[in-house]
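Report on one structure; see the data block that follows.
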Amino acid sequence: MKTYKDLPSDAGSNIIGQVTAQVNRLQKRLASVKHTVAIMSGKGGVGKSSLTANLATALTLKGNTVGVVDADINGPTLAKMMGVRSATLEYTSIGVKPAITALGTKLISMDLLLAEDDAPVIWNAHTQKDAFTWRSSMEVGALREFISDTEWGELDYLLLDLPPGTDRLPNVAELIPNLGGVVVVTIPSEVSQLIVKKSVTMAKDILNVPIIGVVENMAFYVCQHCGEEEPLFSAEEPLDSAFQQAILGSIPFDPKLARASDNGTSYLGEYPDAPASKVLMQMAEKIQAFFEN
Ligand SMILES: Nc1ncnc2c1ncn2[C@@H]1O[C@H](COP(=O)(O)OP(=O)(O)OP(=O)(O)O)[C@@H](O)[C@H]1O
Ligand SMILES: [Mg+2]
């Protein structure tokens with residue numbers, strides 16, 4: 001298949017110039033970011049977005065300047081989870097100002113760009129056959145613009161919340177060649193572990209992106225009446241032998257965490273002593289240690 005580089009003429013569009021300018025804009029923006037971290041999982045619904053929101057808050061509480069990219073273009077949830085859905089984006093000559101949470105975490109999300117609550121993102125294609133190719137190239141294009149057109153300022157951390165699927169990381173790794181690392185999220189079910197192991201292989205063996213660690217979410221449930229820890233899923237294999245990677249920790253299921261996500265309030269701010277909050281703060285420390293060592 002020919003690429004744009006093989007075209008005998010660009011019909012005056014200066015396509016190579018345009019692509020080079022895009023790459024330069026992205027690199028310039030990333031130059032003010034110290035560490036980039038992708039939160040990923042091959043499996044859907046395991047808690048990537050709520051983990052991203054809470055880790056961003058934890059890193060902010062630890063004194064870092066933190067930006068978040070909701071890289072789930074079709075199913076953006078972070079504006080709601082981080083309580084900034086009503087924010088109006090301000091456009092300046094150097095980019096768009098991100099939404100800012102009460103604690104000062106910055107966020108850009110497709111959700112902030114859609115006019116109506118129930119408006120889906122629709123990728124136009126000339127024919128149905130083209131739709132898949134268009135969708136993936138337009139998703140990458142949207143992501144590139146999110147990162148490069150946002151006025152992030154100086155950031156200690158830029159977290160990217162990826163949509164479910166093992167195939168999403170290659171796009172991000174292509175956009176951010178020096179991606180600092182990935183946090184891989186699973187739940188303690190064999191079905192989840194089966195899929196999430198593929199995410200580990202993709203990151204480590206295929207893309208050579210460092211794995212900061214594996215997070216086990218919804219690890220157990222603490223009975224509100226007797227205080228006993230009850231398992232929620234059935235995986236028998238311990239996390240470290242299942243993944244053979246650094247383990248960042250196990251987060252219990254806490255209905256208050258789900259409620260905070262729905263309400264867009266800060267779980268860590270409201271319940272700093274909850275077991276899940278303590279684990280989340282420890283995870284933020286481990287992420288900092290990963291980059292400091
Ligand atoms: N530890 C937890 N305790 C209670 N609720 C949780 C926990 N983790 C996640 N949830 C809830 O589970 C639901 C799914 O979480 P979330 O949207 O973060 O998953 P996801 O992996 O980002 O999903 P998707 O694959 O669709 O992007 C949300 O309602 C969230 O609030
Ligand atoms: Mg999500």
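- Residue Tyr157 is not grouped with residue Ile100 when hydrophobic side chains (ILVMFWY) are merged at heavy-atom distances under 4.5 angstrom, including chains of intermediate members.
- Of all heavy-atom pairs between Thr105 and Ala56, the closest is CG2-CB, 3.8 Å.
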Leu55 and Val37: CA distance, side-chain angles, deciding distance, side-chain contact (heavy atoms from CB on, under 4.5 Å) verdict
CA-CA 11 Å; Leu55 280 182; Val37 178; over 6 Å; no
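- Here the side chains of Gln224 and Pro255 are in contact, with some heavy-atom distance below 4.5 Å.
- In plain terms, the two heavy atoms of Glu151 and Gly95 that are nearest each other are OE1-O, 3.9 Å.
- Looking at Arg168 and Asp72, their side chains never come closer than 4.5 Å, going by heavy atoms from C-beta outward.
- Ion pairing of Arg29 with Asp149 is absent here, as no side-chain N (NZ or NE/NH1/NH2) approaches a carboxylate O to less than 4.0 Å.
- Environment of CD in Glu292: crowded, with over 12 heavy atoms of neighbouring residues, nucleotides or ligands closer than 6.0 Å.
- Hydrophobic clustering (side-chain heavy atoms under 4.5 Å, transitive across Ile, Leu, Val, Met, Phe, Trp, Tyr) groups Val69 together with Leu89.
- Looking only at side-chain heavy atoms (C-beta outward), Glu139 and Asn171 stay at 4.5 Å or farther from each other.
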Contacts under 3.5 angstrom, residues 201-217 side chains, donor-acceptor by atom type, not counting sequence neighbours:
{"residue": "Thr201", "atom": "OG1", "partner": "Lys197", "partner atom": "O", "Å": "3.1"}
{"residue": "Glu216", "atom": "OE1", "partner": "Ser250", "partner atom": "OG", "Å": "2.7"}
{"residue": "Asn217", "atom": "ND2", "partner": "Val46", "partner atom": "O", "Å": "2.8"}

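- Partner of Val33 under the side chain to side chain contact (heavy atoms under 4.5 Å, CB included) criterion, chosen from Leu155, Ile176, Thr65: Leu155.
- Within a 6.0 Å radius of NZ in Lys198, other residues, nucleotides and ligands contribute 12 heavy atoms or fewer.
- Residues Ile247 and Ile195 do not share a hydrophobic cluster, clusters being chains of Ile/Leu/Val/Met/Phe/Trp/Tyr side chains in contact below 4.5 Å.
- The hydrophobic cluster around Phe220 extends to Val222, counting ILVMFWY residues whose side-chain heavy atoms fall within less than 4.5 Å of a member.
- Here the closest heavy-atom approach between residue Val184 and residue Ser199 is recorded as CG1-CB, 4.4 Å.
- Summarising the geometry, atom CD1 belonging to Ile108 is positioned 4.0 Å from atom OG1 belonging to Thr150; distances are rounded to the nearest 0.5 Å.
- Minimum heavy-atom separation, Gly42 to Val196: N-CG2, 4.4 Å.
- Minimum heavy-atom separation, Leu107 to Leu112: O-CD1, 3.8 Å.
- Ion pair Arg85/Asp111 flagged as a salt bridge, since at least one NZ, NE, NH1 or NH2 atom sits closer than 4.0 Å to an Asp/Glu carboxylate oxygen.
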Using a 3.5 Å cut-off and no angle test, enumerate the donor-acceptor pairs between side-chain atoms of residues 271-291 and protein atoms at least two apart in sequence or in another chain.
{"residue": "Ser277", "atom": "OG", "partner": "Tyr271", "partner atom": "O", "Å": "2.6"}
{"residue": "Glu285", "atom": "OE2", "partner": "Lys62", "partner atom": "NZ", "Å": "2.9"}
{"residue": "Lys286", "atom": "NZ", "partner": "Leu248", "partner atom": "O", "Å": "3.2"}

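- Pairs passing the side-chain hydrogen bond (donor to acceptor under 3.5 Å, both in side chains) check and including a residue from residues 46-57, sequence neighbours excluded, read Ser49-Thr77, Ser49-Asp161.
- Side-chain atoms of Val140 and Glu174, non-hydrogen and from C-beta on, never get closer than 4.5 Å to each other.
- When all heavy atoms of Trp152 and Gly67 are compared, the pair lying nearest together is CZ3-CA, 3.8 Å.
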Donor-acceptor pairs under 3.5 angstrom involving side-chain atoms of residues 260-268: please list them, not counting sequence neighbours.
{"residue": "Ser261", "atom": "OG", "partner": "Leu257", "partner atom": "O", "Å": "3.3"}
{"residue": "Asn263", "atom": "ND2", "partner": "Arg259", "partner atom": "O", "Å": "3.4"}
{"residue": "Thr265", "atom": "OG1", "partner": "Glu270", "partner atom": "OE2", "Å": "2.9"}
{"residue": "Ser266", "atom": "OG", "partner": "Gly269", "partner atom": "N", "Å": "2.9"}
{"residue": "Tyr267", "atom": "OH", "partner": "Asp254", "partner atom": "OD2", "Å": "2.6"}

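- Taken from CG in Leu179 to OG1 in Thr36, the straight-line distance is 4.5 Å, to the nearest 0.5 Å.
- In the hydrophobic clustering of ILVMFWY residues, with side-chain heavy atoms under 4.5 Å counting as a link, Tyr91 and Ile147 come out together.
- Evaluation of the side-chain hydrogen bond (donor to acceptor under 3.5 Å, both in side chains) test over residues 175-195, restricted to residues two or more places apart or in two chains, returns Thr186-Ser192.
- Hydrophobic clustering (side-chain heavy atoms under 4.5 Å, transitive across Ile, Leu, Val, Met, Phe, Trp, Tyr) keeps Ile187 apart from Leu194.
- In this structure, the side chains of Phe146 and Leu113 come closer than 4.5 Å at one or more pairs of heavy atoms.
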